[in-house]
Amino acid sequence: MSEKSEQQRLSVFKTYKLYVGGKFPRSESGRVYEVTDTKGNWLANAPQSSRKDARDAVVAARKAFGGWSGATAYNRGQVLYRVAEMLEGRKEQFVREVAEAEGLSKAKAAAVVDAAIDRWVWYAGWTDKIAQVVGGANPVAGPYFNLSSPEPTGVVAVLAPQDSSFLGLVSVLAPVIATGNTAVVVASAKAPLPALSLGEVLATSDVPGGVVNILSGGTAELGAPLAAHQDVNAIDLAGADAELAKELEIAAADNLKRVLRPQPVDYTVTPGTDRLTAFLETKTVWHPTGALGASGSSY
């Protein structure tokens, strides 16, 4: 190939797609919108998801819930760690996308991506430990065993943070699936590309299809049907402004969804267990201890 032909080579632009049910569909509406960097330069066209896409994602998440919630906590930890491995292998791509999305230098973007990968590993380590922290045997006034154990809430809608396109996304998504829930994620509207690329990583990891579903588009347009959906059990409003959050919280009350309100969060700081426990239900079991003989001794 001559030097002249090399100079004339056209770049191969990436076609970004949604990630729903382990597959990569375009939006059923056929719509796209332009994604630009912080200087207004065009980066890509992203799918503009519709209400139908949101409903399809909920169906996929519900279908995957039984298998994912029924897996052992240790196995979920292995799967999350595998995601971190795959992210490490594609770090250069995510550094570029985060730098463009958030207007960061390459060095700062690399630090953000490193932190996001470390966050995956951190939550992977919690999968088989959170039950010991929030569950246990309870003292009761009577001849009973009383045991509490945490269980996943179900399908969780996650509105990803708007300004932290990757680290913030990982920080709100990983704890949802670490505890056995399945997720429908609405990516940052202005910077969706790192989230859509994360779908490619999840598809090539060990995460079963439907456990995580990623949509791009208008946060309000997608948040409304998810908040009102009768088969969504909880919603994280991290990416909603105050006005939108109020509207979605009212809609979520219709079927008593768990709601995590938006709050100022420094995603660079090591998180506590708040997001792990936000989407857990506590099951308490009572069982009589029984009695041995008239003496009142028990076992």
Side-chain angles (χ1 to χ4, degrees), residues 18-22 25 27-28 46-66 68-69 123 151-162 164-165 168-189 192 195-196 198-199 202 207-263 265 274-281:
L18 309 177
Y19 182 56
V20 177
S27 171
E28 64 83 28
Q48 188 168 345
S49 305
S50 67
R51 299 168 68 93
K52 176 64 164 57
D53 294 315
R55 292 195 296 268
D56 290 345
V58 173
V59 170
R62 177 58 62 192
K63 185 177 180 180
F65 177 70
W68 184 244
S69 61
Y123 278 116
E151 293 186 343
T153 298
V155 175
V156 180
V158 179
L159 307 187
Q162 298 296 331
S164 185
S165 63
L169 168 72
V170 168
S171 298
V172 296
L173 171 59
V176 170
I177 63 173
T179 48
N181 300 288
T182 55
V184 177
V185 180
V186 179
S188 165
L196 296 177
L198 176 62
L202 297 173
V207 181
V211 170
V212 178
N213 305 275
I214 301 175
L215 307 174
S216 57
T219 303
E221 181 181 2
L222 298 172
L226 290 172
H229 202 298
Q230 296 298 297
D231 204 27
V232 173
N233 304 106
I235 187 168
D236 185 344
L237 301 175
D241 59 32
E243 183 178 352
L244 177 60
K246 182 178 179 180
E247 294 176 6
L248 298 184
E249 188 169 358
I250 292 172
D254 193 44
N255 73 331
L256 303 180
K257 290 180 180 65
R258 278 178 169 254
V259 175
L260 187 59
R261 295 183 175 97
Q263 51 197 297
V265 179
D274 290 352
R275 275 197 149 81
L276 282 166
T277 58
F279 304 116
L280 286 173
E281 302 286 350

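Because the structure is predicted, anything quoted here is derived from the model rather than measured.
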Fill in the blank from the handout: Taken to the nearest 0.5 Å, the spacing of Leu196 CG from Leu18 CG works out to 7.0 Å

Exercise for the section: Find the distance between CG (Leu169) and CD (Gln162) and round it off to the nearest 0.5 Å. Expected result: 11.0 Å

Exercise for the section: Please report the closest heavy-atom contact between Ala160 and Ser188, naming both atoms and the distance. Expected result: CB-N, 4.2 Å

Fill in the blank from the handout: When rounded to the nearest 0.5 Å, the distance separating OH of Tyr123 from OG1 of Thr179 is 10.0 Å

Exercise for the section: Please confirm whether the backbone N or O of Ile177 pairs with a side-chain atom of Trp68, one donor and one acceptor, at under 3.5 Å? Expected result: yes

Handout entry: Main-chain N/O of Gln48 paired with Ser27 side-chain donor or acceptor, under 3.5 Å
Key = yes

Problem - Distance (rounded to the nearest 0.5 Å) between Leu222 CG and Asp53 CG - result: 7.5 Å

Completion exercise
To the nearest 0.5 Å, atom CG of Leu244 lies from atom OG1 of Thr219 at 7.5 Å

Only pairs under 3.5 Å count here: list side-chain donor-acceptor contacts from residues 226-237, not counting sequence neighbours, and write none if there are none.
residue	atom	partner	partner atom	Å
His229	ND1	Asp231	N	3.0
Gln230	NE2	Ala228	O	3.3
Gln230	NE2	Asp254	OD2	3.0
Asp231	OD1	Arg62	NE	3.1
Asp231	OD1	Arg62	NH2	3.2
Asp231	OD2	Arg62	NE	3.1
Asn233	OD1	Arg62	NH2	2.6
Asn233	OD1	Val155	N	2.9
Asp236	OD1	Ala238	N	3.1
Asp236	OD1	Arg275	NH2	3.4
Asp236	OD2	Arg275	NE	3.2
Asp236	OD2	Arg275	NH2	3.4

Handout entry: Flag side-chain contact, heavy atom, 4.5 Å: Val212 against Leu198
Key = no

Practice task
Measure the shortest side-chain to side-chain distance between Pro152 and Phe65 over non-hydrogen atoms and say whether it is less than 4.5 angstrom.
Solution key: yes

Practice task
Indicate yes or no for a side-chain donor-acceptor contact from Asp56 to the backbone of Val20 under 3.5 Å, with no hydrogens or angles considered.
Solution key: no

Handout entry: Closest approach of Ala189 to Gly217 (non-hydrogen atoms, all atoms of both residues)
Key = CB-O, 3.5 Å

Problem - Residue pair Ser69 / Gly66: nearest heavy atoms and the distance that separates them - result: OG-O, 3.4 Å

Exercise for the section: Might you confirm whether atom CD of Gln263 has over 12 heavy atoms from other residues, nucleotides or ligands at distances under 6.0 Å? Expected result: yes

Problem - Taking every non-hydrogen atom, the tightest pair across Pro225 and Ala54 - result: CG-CB, 4.3 Å

Fill in the blank from the handout: With sequence neighbours left out, the residues meeting side chain to side chain contact (heavy atoms under 4.5 Å, CB included) with Glu151 are Lys283

Problem - Closest non-hydrogen atom pair between Val184 and Ala61, with its separation - result: CG2-CB, 4.0 Å

Problem - With sequence neighbours excluded, residues passing ring-ring contact (aromatic ring centres under 6.0 Å, His included) with Tyr19 - result: Phe24

Handout entry: Atom pair OG (Ser50) and CD (Glu221), whose distance is rounded to the nearest 0.5 Å
Key = 7.0 Å

Practice task
Begin from the C-alpha positions of Val176 and Val185 and carry the test side-chain contact (heavy atoms from CB on, under 4.5 Å) through to its verdict.
Solution key: CA-CA 11 Å; Val176 170; Val185 180; over 6 Å; no

Handout entry: Closest heavy-atom pair and its distance - Gly210, Ala64
Key = C-CB, 3.5 Å

Problem - Asn213 side chain vs Val58 backbone, donor-acceptor pair below 3.5 Å - result: no

